[in-house]
Amino acid sequence: MERSKSVRLSSAPEKDFLPLYGTDYIEFYVGNAKQAAHYYITAFGFQGIAYAGPETGIRDRASYVLRQNKLTFVFTASLRPGTPIAQHVDKHGDGVKAIALIVDDAADAWKETTSRGALSYREPETVSDESGELGISGIHLYGDTVHLFIDRKRYAGLFMPGFRKWDPGFESSSTGLLYVDHCVGNVGWNQMNRWVSFYENVMGFKNILTFDDEDISTEYSALMSKVMSNGNGYVKFPINEPAEGKKKSQVEEYLEFYEGEGVQHVALASDNIVKTVTELMQRGVEFLRVPDVYYEGLEERVGKLEEKMQQLKNLGVLVDRDPEGYLLQIFSKPVQDRPTVFFEIIQRKGAKSFGKGNFKALFEAIEKEQEKRGNL
Ligand code: FE2
């Protein structure tokens with residue numbers, strides 16, 4: 001009896017207790033949401049979608065919702081000192097507050113995760129207006145970062161109740177950014193495995209890749225990383241922790257300037273990285289630059305590419321290959337004064353990995369920037 005029971009259990013398909021259908025939006029807490037929104041519209045090619053603030057009956061904050069294809073960013077600033085938003089910005093500078101995930105049922109997602117040990121950030125609530133009903137709940141993540149669970153199946157409005165349509169009054173063409181490919185967190189010394197367990201036990205994710213300090217160390221900068229993915233692979237969260245190096249690693253620099261753990265970078269997908277990055281650069285987005293020697297013998301290292309080598313070199317786009325194909329990627333400089341949050345632009349041509357072959361060249365480029373800031 002016991003034996004047949006255990007056979008049945010192990011052969012039964014694992015039920016995903018937290019089905020996720022992608023990233024609904026990413027909310028940034030910033031010092032000046034009006035100007036941040038302008039930057040992401042003009043430089044990154046987003047469209048203004050919705051707004052909430054004093055004019056909509058919200059007294060303590062202003063929020064701007066921007067969209068580009070399946071990407072939604074929200075920029076929120078406090079209108080008064082001492083609010084949780086103002087305190088967040090005072091401590092961390094501009095940064096990611098919430099990674100909102102698409103679920104079937106926000107109350108279920110909250111129950112499944114809090115019953116497995118997640119700390120509640122927002123109890124399940126149904127909010128409604130003339131466009132329908134939207135379910136929302138949330139749990140705490142590393143640092144002051146949170147996950148929100150959003151169920152918008154019964155909601156037809158632009159964003160969510162409490163927001164009104166917003167037209168910034170000028171046009172900006174898309175740069176071809178499509179959706180969130182992955183979102184990376186930096187956590188403190190010896191905290192990586194704690195957050196790996198959190199994603200495994202609380203959210204039902206799996207560790208699909210691990211990089212140790214052997215993979216990711218240059219002369220100075222060392223870090224360890226584990227990539228966590230949900231069951232259908234729509235949502236991937238790599239987690240970094242610093243490792244001992246000769247000097248201060250990039251993760252340590254982040255932890256110092258962010259005053260703790262938080263989102264390090266958001267990777268945005270494009271299906272034409274050459275076009276996207278050309279546009280972004282023309283509009284003033286700054287990218288890290290690897291030395292030209294990176295492109296010597298690149299095709300011998302990664303195989304034949306559909307893109308023109310000279311174009312990739314001109315832009316500084318990096319290439320890596322895994323058994324399933326190749327990927328193209330490039331990393332922005334930090335997008336605020338503190339050396340904290342930045343963006344990755346990524347185009348996947350079959351590859352499901354994260355550019356391990358580029359770590360060394362990339363980290364040397366990051367160290368050059370750290371040195372300029374006096375933080376190495
Ligand atoms: Fe990345």
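Everything numeric here is computed off the predicted structure, so don't read it as measured data. Quick note: numbers below take in every heavy atom, side chains included, and nothing from hydrogens, waters or symmetry partners. In each ligand, atom 1 is the first atom listed, and ligand 1 is the first ligand listed.
Put simply, Y40 and I99 are part of the same group of oily side chains (I, L, V, M, F, W, Y) that touch within less than 4.5 Å, one to the next.
For an aromatic pair to be called close, the ring centres must be under 6.0 Å apart, and Y64 with W166 satisfies this.
The Fe ion (ligand 1) sits nearest to atom NE2 when only the N, O or S atoms of H265 are considered. The minimum distance between the Fe ion (ligand 1) and any N, O or S atom of H182 involves atom NE2. Closest approach between the Fe ion (ligand 1) and any N/O/S atom of E344 involves OE1.
A salt bridge links E307 with K349: at least one charged nitrogen is closer than 4.0 Å to a carboxylate oxygen.
Annotation: side chain of Y199 is not in contact with side chain of N230 (no heavy-atom distance under 4.5 Å).
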